[in-house]
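Structure first, then comments.
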Amino acid sequence: MKRMQLREAKAKLSEVVETVVGGEPVTITRHGTPVVMIVSIEEGRKLHSEAPRRSVVDVLLEYPGGLDLERDHTPPREIDL
């Protein structure tokens, strides 16, 4: 894995992109501390799925034991601010 300082990566962005497209991730450091890793779009998609997020309701409906939920039809209270 290639590693470079932020200022070097800014100056050599084309080189960074070519390295990553070639299959090698690049770690960017700031003051010697790794802060970012640049990976190919394929690797990024594996790490951060673009699948739609499920709502809380969907998760609750899939609860293994089932849930018996009732809607609260009480009108909302007014809040004095």
Side-chain angles (χ1 to χ4, degrees):
M1 179 180 323
K2 192 168 187 167
R3 202 175 157 130
M4 58 178 42
Q5 295 177 5
L6 179 58
R7 85 176 95 90
E8 179 186 5
K10 287 176 10 180
K12 299 180 177 179
L13 181 59
S14 294
E15 181 183 321
V16 171
V17 170
E18 288 304 315
T19 300
V20 171
V21 168
E24 182 181 359
V26 175
T27 299
I28 307 295
T29 63
R30 185 186 296 152
H31 307 295
T33 303
V35 291
V36 170
M37 180 182 292
I38 302 175
V39 297
S40 68
I41 193 71
E42 292 85 15
E43 287 300 314
R45 285 184 176 143
K46 288 179 194 174
L47 296 171
H48 185 73
S49 173
E50 292 181 358
R53 292 183 167 215
R54 298 184 316 161
S55 71
V56 173
V57 172
D58 292 333
V59 173
L60 289 174
L61 290 173
E62 293 175 6
Y63 186 73
L67 294 174
D68 186 22
L69 302 174
E70 293 181 19
R71 185 172 186 100
D72 182 2
H73 294 285
T74 307
R77 298 183 313 159
E78 289 188 25
I79 299 173
D80 294 328
L81 298 178

Handout entry: Point-to-point distance, once rounded to the nearest 0.5 Å, from OG of S40 to NZ of K46
Key = 7.5 Å

Completion exercise
When rounded to the nearest 0.5 Å, the distance separating CG of L13 from CD of E18 is 10.5 Å

Practice task
Evaluate the side-chain proximity of I28 to I38: yes if any heavy-atom separation is below 4.5 Å, no if none is.
Solution key: yes

Practice task
Can you sort out the partners of E24 under salt bridge (Lys or Arg N to Asp or Glu O under 4.0 Å), two or more places apart, ordered by chain and number?
Solution key: none

Handout entry: Check: M1 and T27 side chains under 4.5 Å, non-hydrogen atoms
Key = yes

Practice task
Identify whether L6 and V36 are in the same connected component of the hydrophobic contact network (ILVMFWY, side-chain heavy atoms under 4.5 Å).
Solution key: yes

Exercise for the section: Name all residues meeting the side chain to side chain contact (heavy atoms under 4.5 Å, CB included) criterion together with E15; count only those two or more places apart in sequence or in a different chain, and write none if there are none. Expected result: K2, M4, K12, T19

Problem - Test item: P25 and E43 side chains (from C-beta on) under 4.5 Å apart, heavy atoms - result: no

Exercise for the section: State yes or no: do V20 and V35 share one hydrophobic cluster built from I, L, V, M, F, W and Y residues joined by side-chain heavy-atom distances below 4.5 Å, directly or via other members? Expected result: yes

